[in-house]
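Structure, as C-alpha cells:
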Amino acid sequence: MTNKDLASLIYPDVTKTIEDYERIYPQRQLKEGAIVTRFAPSPTGFVHLGSLRTSFIAKKVAEDTCGIFYLRIEDTDEKRSIENSVQGIIDDLTNFNINIDEGVTSQIEEKGIYGPYTQTKRQEIYDTFAYYLIENDFAYPCFCTEEELENIRKRQEVRKDRIGYYGDYAKYRNISNDEKASLIKKNIPYVIRLKSHGDFEKKVSFIDAVRGKIEFPENDMDTILIKSDKIPVYHFAHVVDDHLMRTTHIIRGEEWISSTPVHIELFNAFNFPIPIFCHLGLIMKIDENGIRRKLSKRKDPEAAVSFYHKEGYPVEALKLYLMTISNSNFEIWMENNPNKSINDFKFDFKKISESGTLFDINKLINISKVYISKLSANTLYDDILLYNKEYDKDFYELLKNNKEYTISLLNIERNIPRPRKDISCYKDFKKELGFMYDELFLSHDFLLKDFYSYEILEDYVKNYYNIEDDKDLWFSKIKELGIKYNFCTDNKAYKEDPSLYKGNISSLCELIRVAFTSRTNTPDLYEILKLLNIDTINKRLQMFKEYMNK
RNA sequence: GGCCCGUUGGUGAAAUGGUUAACACACUGCCCUCUCAAGGCAGCAUUCAUGGGUUCAAGUCCCAUACGGGUCACCA
C-alpha cells in the first residue's frame with residue numbers, strides 16, 4: 001500500500017490538491033514592503049491586555065506599510081471555546097479602535113477573499129493539506145493510547161532521555177502502511193502525527209524580528225498535527241492558514257518561540273516560504289509574594305481589556321501606553337513631535353524590548369492625565385457623556401441636561417499652556433467634580449476646624465461676594481474680609497508666629513471652599529464660585545449653617 | 001530534567017568598546033500658590049545579576065554560574 005492509498009483511506013473525501021488552494025488564494029497584490037498580519041485569538045473569553053498589545057502592534061505595522069490586518073478565530077479546541085465570545089473579542093477591538101481589514105466581523109459574518117477566517121469552517125482545507133503530508137511521507141497515523149504514551153514517558157524519565165514522541169520511541173512511525181490501514185479499518189482511534197525528518201544533533205536557526213537570530217536543535221518530535229476527531233492542532237492550522245492567508249509577519253507572544261522549529265519544519269514540508277516571526281515579550285506583574293509573573297486574566301482585573309473601558313481610560317491613552325512599552329523610542333518621539341498622532345509614528349521591530357515588561361498603572365495614569373488635559377472641553381464632555389451612558393445612567397442624564405454648565409466646568413484651567421491634570425479617566429470626573437451638581441451635593445462631609453464659622457461666611461456672601469467681580473477684585477475682597485476677622489494676609493508673617501492669627505488667607509479660602517464644595521481641594525475657587533451662581537451659594541450657605549449647628 | 005529566551009534604579013528604558021550611566025514615570029524635599037493639579041529647583045544606580053577572561057579601555061565582546069520567564073498536551 002502506497003502513502004497515497006493510505007492518505008485516501010484516511011481522507012476519502014479529499015478531491016482538491018494543495019496546488020488548487022494556491023490558486024484559490026493567490027498572492028496578494030500589495031505594494032512593495034506591505035506587511036500582512038493577523039490577530040488570531042481563541043474564543044476563550046475576553047481579550048487580554050497582552051493580546052490587545054499584540055493586535056495593536058500587528059494593526060500598526062500593517063497600516064504603516066499599506067498592508068493588511070485581519071482577524072482569524074482559532075476555535076479548534078471545543079472544550080475551551082466559550083459561546084458568544086467572538087462577539088466579545090470584536091467588541092473589545094472595536095472599543096479600542098482596532099479595525100480589521102478583513103476576517104471575522106461578527107459572530108456569524110466575515111469579509112475578505114482569503115476565508116473562511118474561522119478555523120472550524122476550514123475543515124476541507126485542513127483535510128487536503130493533511131492528505132498531502134501523508135502522501136509525501138511527512139505524516140502518519142498513530143494509534144497510541146494514553147497509557148502507551150504514559151509508559152513511553154516513564155521509560156524516558158528512567159533513562160533520563162528527552163521527553164516526547166520521537167525516534168525509536170515513535171512506536172507507529174515505522175509500521176507498514178498495510179498494518180496502519182488494517183488498524184484504521186478496525187476503527188482503532190488515531191491521530192495524525194508529523195513524521196519528523198529533523199535531527200536533534202543539527203541546528204536550525206531563524207531570524208526573529210525582535211531578537212535577531214535564534215538557534216535551536218532541529219525538531220525531531222513527531223508532534224500531533226491532527227486530533228482523533230480530525231480537527232487540527234495549532235501548529236498545523238497556523239502553518240496552513242498563515243500561508244494561505246498570505247501572512248508575512250507572525251506577531252505573537254514569546255511563549256511560541258520554543259515551538260517555532262516545528263512550524264519551520266512544516267513550512268518546509270509544504271514548500272512554503274517561511275514568514276517573519278516576531279515574538280513579543282509578555283506583560284508581567286509582581287504578585288503578592290513579590291514574584292514576577294504573567295498578567296493573569298483570572299487573578300488580575302487589569303489583565304482584561306474591558307477593565308480599561310469600564311474605568312474610562314481613553315482609548316488613545318491606552319494606545320499611547322502600549323506604544324511606549326512596545327517601542328522604546330516612542331516616548332522621545334512624542335516629546336519631539338507634540339502635535340503629531342500615534343499614526344505618524346513609524347513602528348520599528350528592532351525597538352521592541354526583548355524582556356517581559358512589568359505593567360505600570362502609574363505610567364498609564366500619567367499618560368492618560370496628560371492626554372485628557374489636552375482635550376478640548378467639548379470633546380471631553382462628549383467622551384464623559386458617552387462613558388456614563390454606558391456605566392452610570394443617572395449621571396448621564398444629569399450631564400445631558402446640563403451640557404453648557406458641564407462644558408464650562410471642564411473649561412476651568414484647561415485652555416492654557418499648562419492645563420490642569422487631575423482627571424486620569426472618565427470615571428474620575430464624577431468623583432472629582434460631582435459636587436458641582438446639586439443632585440450630588442447632598443450633605444457636607446468634612447471635619448470641622450476651629451476657624452470654620454458661619455458668621456464669617458455669611459458676612460462674605462452678603463457683603464463681599466459679587467459674581468461680577470473680576471479675579472483680582474474678588475481676591476482683594478477676600479483679603480479685606482481676612483483682615484477683618486484676623487486672618488493673616490502675609491504668609492511669611494504668619495509662619496513666624498501663627499498663634500497671633502486665626503489663620504492665614506489659605507485658611508479663609510479653605511472655609512469658603514469647604515462650605516460651597518464640601519471639599520478641601522478643588523479647581524480654581526474663583527471660577528468655581530462663579531459657575532455655582534449666587535442661588536446655589538445661598539442654598540449651600542444655609543446647608544453649611546445646619547451642618548455647623550449639628 | 002532537556003531545550004530556548006531574558007537580566008541596566010521602585011517602573012519603563014537610553015547608551016558605534018572610549019570622559020561624571022540619557023530621558024520619562026513614581027517617590028522624597030524645598031520654592032511658588034487660595035487648596036489641589038500644574039510649574040520651578042534639588043535629591044534618588046559609588047555602578048549595569050555574580051564571577052572570571054579578552055582589551056590601553058567593557059553595561060557593551062567571550063566563558064561559566066545564579067536568578068526570572070517560556071516550552072516539552074489529542075490547549076492555544
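Order of the sequence lines sets the chain letters (A, B, ...), proteins ahead of strands, with each chain counted from 1. Keep in mind the model is a prediction, meaning the values are calculated, not measured. Reckoned from all heavy atoms, side chains included, excluding hydrogens, waters and symmetry mates.
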Legend entry - Whole-angstrom distance between B:A73 and B:G68, as gauged at atom C1': 24 Å
Inset, instruction - Take atom CG of A:Asp422 and atom P of B:C36, then tell me their distance rounded to the nearest Å. - result: 13 Å
Inset, instruction - Identify whether any heavy atom of A:Asn521 sits under 4.0 Å from a base atom; if not, whether one sits that close to sugar-phosphate; answer base, sugar-phosphate or nothing. - result: base
Inset, instruction - Return the value, rounded to whole Å, for the distance between atom CZ of A:Arg420 and atom P of B:A38. - result: 9 Å
Legend entry - Minimum-distance nucleotide to A:Ile332 side chain [options: B:C4, B:U35, B:A22]: B:A22
Inset, instruction - With P as the reference atom in both, quote the distance from B:A13 to B:U8 in angstrom, rounded to an integer. - result: 9 Å
Inset, instruction - Only counting residues at least two apart or in another chain, list the ones meeting salt bridge (charged side-chain N to carboxylate O under 4.0 Å, His left out) with A:Lys484. - result: A:Asp459
Legend entry - For atom CZ of A:Arg414 and atom C1' of B:A38, their distance in whole Å: 13 Å
Inset, instruction - Verify the distance criterion only: is there a donor paired with an acceptor across the side chains of A:Asp127 and A:Gln123 at less than 3.5 Å? - result: yes
Inset, instruction - Could you measure between the two C1' atoms, the one in B:A15 and the one in B:C74, and give it in whole Å? - result: 50 Å
Inset, instruction - Quick one: list whatever passes salt bridge (charged side-chain N to carboxylate O under 4.0 Å, His left out) with A:Arg420, sequence neighbours left out. - result: A:Glu413, A:Asp422
Legend entry - Integer angstrom distance from the C1' of B:C44 to that of B:A24: 15 Å
Legend entry - All pairs passing salt bridge (Lys or Arg N to Asp or Glu O under 4.0 Å) where residues 204-214 of chain A contributes a residue, at least two apart: A:Arg211-A:Glu254
Legend entry - A:Pro523 vs A:Lys160, nearer the 5' end of RNA chain B by closest nucleotide: A:Lys160
Inset, instruction - Check whether any side-chain nitrogen or oxygen of A:Asn366 sits under 4.0 Å from OP1 or OP2 of B:A26, and answer yes or no. - result: yes
Inset, instruction - Would you mind classifying the nucleic acid contact of A:Thr522 as base, sugar-phosphate or nothing, using non-hydrogen atoms under 4.0 angstrom? - result: base
Inset, instruction - Quick one: label A:Leu525 by what it contacts on the DNA or RNA (base, sugar-phosphate, nothing), any heavy atom closer than 4.0 Å. - result: base
Inset, instruction - Scan for side chain to side chain donor-acceptor pair (under 3.5 Å) pairs involving residues 473-483 of chain A, sequence neighbours excluded, and state none if there are none. - result: A:Tyr460-A:Trp474, A:Asp469-A:Lys477
Side-chain donor-acceptor contacts of residues 227-234 of chain A below 3.5 Å, not counting sequence neighbours, with atom names and distances?
unit_1: A:Lys227; atom_1: NZ; unit_2: A:Thr76; atom_2: O; d: 2.9
unit_1: A:Asp229; atom_1: OD1; unit_2: A:Ile231; atom_2: N; d: 3.1
unit_1: A:Lys230; atom_1: NZ; unit_2: A:Ile10; atom_2: O; d: 3.3
unit_1: A:Tyr234; atom_1: OH; unit_2: A:Arg252; atom_2: NH1; d: 3.1

Legend entry - Flag side-chain contact, heavy atom, 4.5 Å: A:Met323 against A:Lys60: yes
Inset, instruction - Would you mind classifying the nucleic acid contact of A:Arg162 as base, sugar-phosphate or nothing, using non-hydrogen atoms under 4.0 angstrom? - result: sugar-phosphate
Legend entry - A:Tyr169 and A:Asp161, any side-chain heavy atoms less than 4.5 Å apart: yes
Inset, instruction - Can you tell me the distance, in whole Å, between the CE atom of A:Met284 and the C1' atom of B:G69? - result: 6 Å
Legend entry - Pairing residues for A:Phe216 by the ring pair (Phe, Tyr, Trp, His ring centres under 6.0 Å) criterion, not counting sequence neighbours: none
Legend entry - Selection: residues 474-488 of chain A, any non-hydrogen atom under 4.0 Å of RNA chain B: A:Phe475
Inset, instruction - Among A:Arg155, A:Lys154, A:Arg153, find the one that has a salt bridge (Lys or Arg N to Asp or Glu O under 4.0 Å) with A:Glu157. - result: A:Arg153
Inset, instruction - Pick the C1' atom in B:A22 and in B:G29, then give their distance to the nearest Å. - result: 24 Å
Would you list the atom pairs, donor with acceptor, under 3.5 Å between side chains in residues 41-58 of chain A and any protein atom, with sequence neighbours excluded?
unit_1: A:Ser42; atom_1: OG; unit_2: A:Glu74; atom_2: O; d: 3.2
unit_1: A:His48; atom_1: ND1; unit_2: A:Gly50; atom_2: N; d: 2.8
unit_1: A:His48; atom_1: NE2; unit_2: A:Leu295; atom_2: O; d: 2.7
unit_1: A:Arg53; atom_1: NE; unit_2: A:Ser326; atom_2: OG; d: 3.0
unit_1: A:Arg53; atom_1: NH1; unit_2: A:Gly281; atom_2: O; d: 2.9
unit_1: A:Thr54; atom_1: OG1; unit_2: A:Gly50; atom_2: O; d: 2.9
unit_1: A:Ser55; atom_1: OG; unit_2: A:Ser51; atom_2: O; d: 3.1
unit_1: A:Ser55; atom_1: OG; unit_2: A:Leu52; atom_2: O; d: 2.9

Inset, instruction - Taking only the side-chain heavy atoms of A:Asn362 (C-beta and beyond), determine which of B:G69, B:A26, B:A38 contains the nearest atom. - result: B:A26
Please list, for nucleotides 12-16 of chain B, all pairs of protein and nucleotide N/O atoms separated by less than 3.5 Å.
unit_1: B:G12; atom_1: OP1; unit_2: A:Arg292; atom_2: NH2; d: 3.4
unit_1: B:G12; atom_1: OP1; unit_2: A:Leu358; atom_2: N; d: 3.3
unit_1: B:A13; atom_1: OP1; unit_2: A:Ser353; atom_2: OG; d: 2.7
unit_1: B:A13; atom_1: OP1; unit_2: A:Thr357; atom_2: OG1; d: 3.4
unit_1: B:A14; atom_1: OP1; unit_2: A:Ser328; atom_2: OG; d: 3.0

Inset, instruction - Inspect the contact between A:Asp222 and A:Arg173 and indicate whether a charged nitrogen and a carboxylate oxygen are less than 4.0 angstrom apart. - result: yes
Inset, instruction - May I have the distance from A:Ile367 (atom CD1) to B:U11 (atom P), rounded to whole angstrom? - result: 17 Å
Legend entry - Whole-Å C1' distance, B:C5 and B:G10: 25 Å
Legend entry - P gap between B:C23 and B:G40, integer Å: 14 Å
Legend entry - 4.5 Å side-chain heavy-atom contact, A:Tyr117 and A:Tyr70: yes
Inset, instruction - For A:Leu295 and B:G70, give me the distance from atom CG to atom C1', rounded to whole Å. - result: 16 Å
Legend entry - Spacing between A:Lys421 atom NZ and B:G39 atom P, to the nearest angstrom: 4 Å
Inset, instruction - Side chain of A:Arg211 only, please: which of B:G6, B:C36, B:C34 is the nearest? - result: B:G6
Legend entry - C1' gap between B:A37 and B:G69, integer Å: 39 Å
Inset, instruction - For nucleotides 71-76 of chain B, just jot down a letter per nucleotide in 5' to 3' order: B, S or -, based on protein non-hydrogen atoms under 4.0 Å. - result: SS-BBB
Inset, instruction - Just do the salt bridge (charged side-chain N to carboxylate O under 4.0 Å, His left out) check on A:Lys427 and A:Glu311 with the steps written out, would you? - result: CA-CA 6 Å; A:Lys427 194 182 176 183; A:Glu311 291 294 301; 3.1 Å; yes
Legend entry - Ionic contact status for A:Lys285 with A:Glu302, cut-off 4.0 Å: yes
Inset, instruction - Quick one: label A:Asp524 by what it contacts on the DNA or RNA (base, sugar-phosphate, nothing), any heavy atom closer than 4.0 Å. - result: base
Inset, instruction - Go ahead and write out RNA chain B as dot-bracket, 5' to 3': ( ) for pairs within the strand, [ ] for ones crossing earlier pairs, | when the partner sits on another strand, dots for unpaired; Watson-Crick or G-U wobble, both distances under 3.5 Å. - result: (((((((..(((.....[....))).(((((.......))))).....(((((..]....))))))))))))....
Expected list for residues 355-374 of chain A: side-chain donor-acceptor pairs under 3.5 angstrom, two or more places apart:
unit_1: A:Asp360; atom_1: OD1; unit_2: A:Asn362; atom_2: N; d: 3.1
unit_1: A:Lys363; atom_1: NZ; unit_2: A:Glu331; atom_2: OE2; d: 2.6
unit_1: A:Ser368; atom_1: OG; unit_2: A:Ser424; atom_2: O; d: 2.5
unit_1: A:Ser373; atom_1: OG; unit_2: A:Val370; atom_2: O; d: 2.8

Legend entry - Between P of B:C4 and CZ of A:Phe206, the distance in whole Å: 12 Å
